[in-house]
Student: 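Quick one: the structure is below, questions incoming.
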Amino acid sequence: MRKRVEALRAAVQENGVDGVIVTKQQNWQYLSGFTGSNAILLVTEKSNILITDFRYIEQAAHETEGFKIVKQTGLAVDTLAEQVKELGLKKVGFEDDSVTYHEYDLYKKKIPDAELYPLHQVIEKIRRIKDSGEISLLQKAAEITDQAFGYIVDKIKPGVKESQISLELEYFMRQNGAEKPAFDTIVASGYRGALPHGIASNKEIEQGDLIVIDFGAVFQGYHADMTRTVVVGKPDRQQEEIYNLVLRAQMKALEVLKPGIKCSDVDFAARNIISNEGYGANFGHGLGHSVGLEIHESPSLSPRDDTVLEPGMVITVEPGVYLNGWGGVRIEDLVLVTPVGCKILSTSTKKLIQLQ
Ligand code: ZN
Ligand code: ZN
């Protein structure tokens, strides 16, 4: 944690601020380790302050290291203002996409003696590179997700509702150490597979359905994300063809994914394969997104993101093809960028599983 706070100090040096207010939950958790639901951090050149209310004083003291815990009296902003004044801060940064207009107004009123300086995605940029502690938590989250997939495939049969499958997946993950699902579990069978974000519904599984299952576990704040597509019975020719096409695109992306390559180029490598077979218009989303304390982080594998990949980034690779009225196929792995290439954290098989 100390290293993370130092990285923040280094990152804001050029902005000339003498303090940073941190109000986004995942960012204060990242910097301090505090997992409660209410806090403001004030990081200055010499001190780390965590303001929270009476419910969390003990928890904050227990979970953090190197932070002075200050009890909130009145509004959190009142306590923040006192600290800014006490420390004589002249220019304080705040997270421009985490503070509401109303809060900004309050800050201006209550902190009249310091200039408020908007910082954009500064901590998110630091969070792009996962440290070894984070990597092991992500690995554990991916492991629980793999186990859950192994468990659920036997339960998928004609007549079972999608919602039943998502319920059992989530139950299994929680029994095996997950805090919660990483997002609303997607179980999209048959024609519903054409909805890339088809959250499990009351539709029953039918013979011949392709089923897109997209889910993940959260372990100690860190998210996993994986998609597998399975088929009930024997796949027909089109199902097999499209499955193999998506798999080929996915494998190609994994092959090129390494430090030094642009995100947009990884996206292109997969998209090109799908486009060449005439399905370019049926792959309407980006190839992947970074994952960590949030399910969607930056950078993204998308045509519009030219970020160069670096070791320590953890990102999904998830091409898909969706045909209205027919269904869809998506295959998604969670991947760690290593110094020489990438390591796939999702280990579930990518052979098309045929359920009886
Ligand atoms: Zn997913
Ligand atoms: Zn994803």
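Just follow the structure's listing: the first ligand is 1, and inside any ligand the first atom is 1.
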Student: For residues Glu124 and Ser298, is any side-chain donor paired with an opposing acceptor at under 3.5 Å?
Tutor: no
Student: For the Zn ion (ligand 2), does an N/O/S atom of His296 lie at less than 2.8 Å?
Tutor: no
Student: Apply ring pair (Phe, Tyr, Trp, His ring centres under 6.0 Å) to residues His285 and Phe283 and explain how you reach the verdict.
Tutor: CA-CA 6 Å; His285 56 75; Phe283 174 21; 5.2 Å; yes
Student: Phe94 vs Tyr107 aromatic rings, parallel, tilted or perpendicular, using cut-offs 30° and 60°?
Tutor: perpendicular
Student: Indicate yes or no: does Glu170 engage Arg174 in a salt bridge with an N to O separation below 4.0 Å.
Tutor: no
Student: Is it true that Lys71 and Asp53 have a side-chain N and a carboxylate O under 4.0 angstrom from each other?
Tutor: no
Student: I want to check something: taking the side chain as every heavy atom from C-beta on, are Arg271 and Asn276 in contact at a cut-off of under 4.5 Å?
Tutor: no
Student: Taking 2.8 Å as the limit, list every protein N, O or S atom around the Zn ion (ligand 1), by chain and residue number.
Tutor: Asp214 OD1, Asp214 OD2, Asp225 OD1, Glu332 OE1
